[in-house]
Amino acid sequence: MRNIAFDLGPMGIRVNGVAPGATRTDALKSVLNDEIEKTMLAHTPVNRLGERDDMANAALFLCSPAASWISGQILTVSGGGVQELD
């Protein structure tokens with residue numbers, strides 16, 4: 001992100017990324033069971049899995065004027081959690 005931000009910044013282009021945590025998607029649904037969800041929640045301080053809207057809202061923020069001074073960053077959207085599972 002930082003290298004691309006340096007290349008494109010002079011052209012007024014900001015570059016950022018979103019790193020999603022455990023998010024309810026069709027792909028996760030295909031492998032999720034109660035035990036796996038419980039383990040994921042144990043690693044997530046807000047005590048819920050992410051939703052697609054959580055990722056979309058983060059991307060919208062990064063595209064908005066409110067983030068005009070943010071470039072070259074990766075925004076972790078994970079409810080404060082880590083993805084390393086026991």
Side-chain angles (χ1 to χ4, degrees):
M1 291 298 137
R2 288 185 180 155
N3 288 338
I4 298 170
F6 268 100
D7 290 344
L8 300 179
M11 293 178 263
I13 299 171
R14 295 181 295 113
V15 179
N16 295 294
V18 173
T23 305
R24 288 190 191 278
T25 63
D26 292 340
L28 182 61
K29 183 179 178 181
S30 70
V31 297
L32 191 63
N33 61 37
D34 290 341
E35 183 179 334
I36 292 171
E37 184 170 355
K38 181 180 176 182
T39 301
M40 289 176 160
L41 293 177
H43 293 272
T44 308
V46 299
N47 200 36
R48 71 172 177 86
L49 297 178
E51 300 293 340
R52 292 176 221 183
D53 283 352
D54 295 318
M55 304 314 129
N57 289 334
L60 286 171
F61 164 71
L62 289 172
C63 293
S64 77
S68 66
W69 190 235
I70 300 172
S71 190
Q73 304 301 307
I74 299 173
L75 178 60
T76 302
V77 182
S78 65
V82 294
Q83 298 310 304
E84 295 85 15
L85 301 178
D86 297 333

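Heavy-atom minimum distance, Ile13 versus Ser71: O-OG, 4.4 Å. Scanning both residues, Ser78 and Gly21, for their nearest heavy atoms gives CB-CA, 3.8 Å.
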### Task
Could you give me the CA-CA distance, side-chain angles and deciding distance for Leu75 and Ile70, then say whether side-chain contact (heavy atoms from CB on, under 4.5 Å) is met?
CA-CA 10 Å; Leu75 178 60; Ile70 300 172; over 6 Å; no
### Message
side-chain contact (heavy atoms from CB on, under 4.5 Å) for Leu32 and Arg24? Distances and angles first, verdict last.
### Response
CA-CA 9 Å; Leu32 191 63; Arg24 288 190 191 278; 3.9 Å; yes
#### Entry: Audit row: Met40, Leu28, side-chain contact (heavy atoms from CB on, under 4.5 Å) steps and yes/no
CA-CA 12 Å; Met40 289 176 160; Leu28 182 61; 3.7 Å; yes
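The hydrophobic cluster containing Trp69 does not contain Val18, counting ILVMFWY residues as joined when their side-chain heavy atoms lie under 4.5 angstrom apart, directly or transitively. Both Val15 and Ile74 belong to a common hydrophobic cluster when Ile, Leu, Val, Met, Phe, Trp and Tyr are linked at side-chain heavy-atom distances under 4.5 angstrom. Both Phe61 and Met55 belong to a common hydrophobic cluster when Ile, Leu, Val, Met, Phe, Trp and Tyr are linked at side-chain heavy-atom distances under 4.5 angstrom. Met11 and Phe6 fall into different hydrophobic clusters, defined by Ile, Leu, Val, Met, Phe, Trp and Tyr side-chain heavy atoms under 4.5 Å apart, directly or through other members.
Checking side-chain atoms of Ser64 against main-chain N and O of Ala66 turns up a donor-acceptor pair under 3.5 Å. Between the side chain of Asp54 and the backbone N or O of Glu51, at least one donor-acceptor pair lies under 3.5 Å. Remark: the backbone N or O of Gly79 is not paired with any side-chain donor or acceptor of Arg48 at under 3.5 angstrom.
Expressed to the nearest 0.5 Å, how far CG of Asn57 lies from CG of Leu62 amounts to 11.0 Å. Atom CG of Asp34 sits about 10.5 Å away from atom OG1 of Thr39, to the nearest 0.5 Å.
Counting heavy-atom neighbours within 6.0 Å of Asn33 CG, excluding the residue itself, gives a total above 12.
A salt bridge between Asp26 and Arg52 is present, with a side-chain N of the basic residue lying under 4.0 Å from a carboxylate O of the acidic one.
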